[in-house]
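See below for the structure under consideration.
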Amino acid sequence: MSETFTSVSQEEAGLRDRVRLTFDLDADICVIGAGLAGLSIALEAARLGASVAVLEGRHIGWNASGNQLGTVMPGFALPLADLIERIGFEDARELWALSKEGAEFVRGNATEENMPGISLSDGVLEVSNVDAGDRLISRLQMLNEDFDTEVEGWQADHVRGLLKTDRYFHGVYYPRAFQVDGRKYVHGLAGLARRAGARIFEDTPVVSIDHSGIRKRIVTPSARLRATHIVLAGNIHLGAPLKRLSETLLPVWRYAGVTAPLGERLHEIIAFKGSVMDSDGVDHFRIVDGDRLMWESPETTWAARPQRFAGAVRRRIRTIFPELGNVEIADMFGGATGQTVHGMPQIGQLRKGLWVASGFGRQGMNTSAMAGQMIARSILRGDERWRLFSPFELVWAGGATGRVAGQLVGIWSRASSAAAGSLARYRERARVKDREREARLAKANRAAGTGPRRPPPGVRPRPAPPRPAPQAIEVEQVEQGREPASHDAGISR
């Protein structure tokens with residue numbers, strides 16, 4: 001198992017004696033859910049002077065928040081072009097800027113001083129499975145010039161110089177993006193929130209909520225809590241009291257594995273030091289602990305034991321990097337993310353004093369931090385920027401039928417990505433063969449003397465003699481006793 005996931009203390013791993021809510025309590029803000037979003041809200045609100053209580057049905061970061069690769073970069077699950085088409089250019093720019101603020105919030109918290117051993121490293125590379133040079137140029141121009149984001153475009157030769165595989169073509173490099181140890185971050189976030197004054201209660205599920213009136217009421221198995229504001233940050237696990245809200249999210253379980261130590265050969269094949277993800281959202285990987293590979297790929301819309309997917313991760317690694325061979329998977333883990341129908345997070349006020357922060361999908365690190373800042377500042381400072389998310393309403397995700405459809409769409413997307421990648425590689429090989437054939441033909445022509453001859457070095461080519469005028473040709477032919485040729489090509493002699 002990776003040191004990234006074993007060096008967490010027992011207290012951080014939730015094995016300590018957890019504090020349960022066993023007495024009635026009043027607070028300014030009650031946050032339901034102790035994941036990335038809930039803890040970010042608690043930290044920011046406590047820093048602004050509010051009294052905060054966090055209720056968690058199990059333990060801190062028990063699901064997706066404690067089981068992710070820790071990649072932090074700007075953006076949302078919805079592609080930028082689709083975001084612009086949905087809400088317009090100016091609002092899209094504002095939302096993108098907010099996502100960058102969320103990433104910087106994580107960076108500010110994830111320092112060795114705040115979170116020892118957080119293993120922060122810079123650089124994220126998004127690679128393309130197909131030859132997309134033209135689209136790459138326009139995207140780079142938009143990100144650099146219109147969205148003030150530092151990015152670099154890498155040609156296929158550069159990408160393949162760092163990643164020894166023919167599966168990837170062009171790449172987009174984000175030098176300001178970074179990655180951290182995901183589990184240490186979520187537990188470090190809880191520690192920062194506690195030090196700021198927030199109270200976190202684990203093993204405290206919510207039985208019912210009464211959100212009417214100025215002071216809302218929350219009932220747990222052993223106590224009651226009253227608060228002016230309630231923030232629902234439990235993602236797909238809000239449970240029976242808020243089942244209708246949970247049903248607006250499609251649960252997607254992502255599974256990842258960590259290999260056994262691979263030695264120096266790993267760095268010969270994967271020389272890039274940051275996170276790598278493909279543009280189709282199929283694979284996401286990076287090196288951890290010096291010589292182990294952490295790889296996320298399989299996904300389902302139903303919960304399953306992560307160990308079942310060790311073979312799938314092994315095969316995926318062998319497919320992309322055949323030189324690594326059949327690696328050993330030392331550990332598997334997984335967690336469920338909530339994905340909305342429209343692809344954007346659910347952030348805002350449902351009714352006075354009742355807030356929601358969920359549906360972050362795969363971009364959970366920066367967007368959950370962004371939500372924490374926005375909601376806390378709106379409650380305590382009147383910041384209204386959360387209204388930028390108003391166009392993305394709550395939409396029912398389809399229940400069991402939606403899960404089946406989501407699984408089928410996921411299978412189709414992966415198959416489509418594989419087919420497009422195979423076609424791109426076939427075309428690339430065909431171009432290489434054409435160039436090789438032309439080179440062999442030119443070489444054979446030179447050897448046979450049938451090709452265009454080049455003069456020896458230092459010798460200027462002889463100019464061709466000037467062609468005589470037609471009248472001169474006729475005079476010459478008459479003088480030699482021959483009849484001039486007719487100039488009418490349509491009349492025979």
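Just so we're clear, the structure is a prediction, and the values are computed from it rather than from any experiment.
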NZ or CZ of Arg183 within 45° of Phe333 ring axis and under 6.0 Å: yes
Arg362/Glu299 ion pair, N-O < 4.0 Å: yes
Arg226 side chain reached by Lys216 side chain, heavy atoms, under 4.5 Å: no
Distance-only side-chain donor-acceptor flag, Tyr255 / Thr300, under 3.5 Å: yes
Side chain Thr259, main chain Val327, donor-acceptor under 3.5 Å: no
Arg160 (side chain) donor-acceptor with Tyr168 (main chain) under 3.5 angstrom: yes
Results of side chain to side chain contact (heavy atoms under 4.5 Å, CB included) for Thr367 - residues two or more places apart only: Phe76, Pro345, Phe360, Gln363, Met370
By side chain to side chain contact (heavy atoms under 4.5 Å, CB included) - contacts of Leu136 (at least two apart): Leu140, His170, Val172
OG on Ser99 to CZ on Phe147, rounded to 0.5 Å: 10.0 Å
Interatomic spacing from CH2 in Trp386 to CE in Met374 - rounded to 0.5 Å: 9.0 Å
Glu152 and Trp154: side chain donor to acceptor below 3.5 Å: yes
Distance, nearest 0.5 Å, that separates CG of Leu55 from CD of Glu202: 11.5 Å
Results of salt bridge (Lys or Arg N to Asp or Glu O under 4.0 Å) for Arg387 - residues two or more places apart only: Glu384
Side chain to side chain donor-acceptor pair (under 3.5 Å) between Gln179 and Ser275, intermediate numbers included: CA-CA 7 Å; Gln179 44 277 321; Ser275 294; 2.7 Å; yes
Side-chain donor-acceptor contact under 3.5 Å, Asn129 with Arg167: no
Residues Arg385, Glu101: salt bridge by 4.0 Å N-O rule: yes
Donor + acceptor pair across side chains of Gln346, Thr340 (<3.5 Å): no
Salt bridge (Lys or Arg N to Asp or Glu O under 4.0 Å) against Asp82, all qualifying residues, sequence neighbours excluded: none
OG1-CD1 distance between Thr220 and Ile209, expressed to the nearest 0.5 angstrom: 11.5 Å
Heavy-atom side-chain contact between Val159 and Gln155 under 4.5 Å: no
Pair Asp122 + Arg107: basic N to acidic O under 4.0 Å: yes
Donor-acceptor pair between Ser279 and Glu126 side chains, under 3.5 angstrom: no
Audit row: Phe285, Phe321, ring-ring contact (aromatic ring centres under 6.0 Å, His included) steps and yes/no: CA-CA 12 Å; Phe285 58 90; Phe321 296 105; 5.7 Å; yes
Side-chain H-bond candidate by donor/acceptor type, Ser51 with Asp28, under 3.5 Å: yes
Point-to-point distance, once rounded to the nearest 0.5 Å, from OG of Ser40 to CE of Met365: 8.5 Å
With Ala103 via side chain to side chain contact (heavy atoms under 4.5 Å, CB included) - residues at least two apart: Val72, Asn366
Geometric cation-pi criterion Arg93 and Trp96, 6.0 Å radius, 45° cone: no
Arg308 atom CZ: more than 12 heavy-atom contacts under 6.0 Å: no
Criterion side chain to side chain contact (heavy atoms under 4.5 Å, CB included) on Lys184 and Met115, from CA distance to verdict: CA-CA 7 Å; Lys184 285 189 176 178; Met115 303 176 186; 5.9 Å; no
Residue pair Thr301 / Trp253, side-chain donor-acceptor N/O under 3.5 Å: no
Side chains of Ser297 and Asp283, donor plus acceptor under 3.5 Å: yes
Pairwise distance CG(Leu39) to CG(Asn109) - rounded to 0.5 angstrom: 11.0 Å
Salt bridge (charged side-chain N to carboxylate O under 4.0 Å, His left out): pairs with one or both residues in residues 363-377, sequence neighbours excluded: Glu44-Arg377
Min side-chain heavy-atom separation Val127-Val276 under 4.5 Å: yes
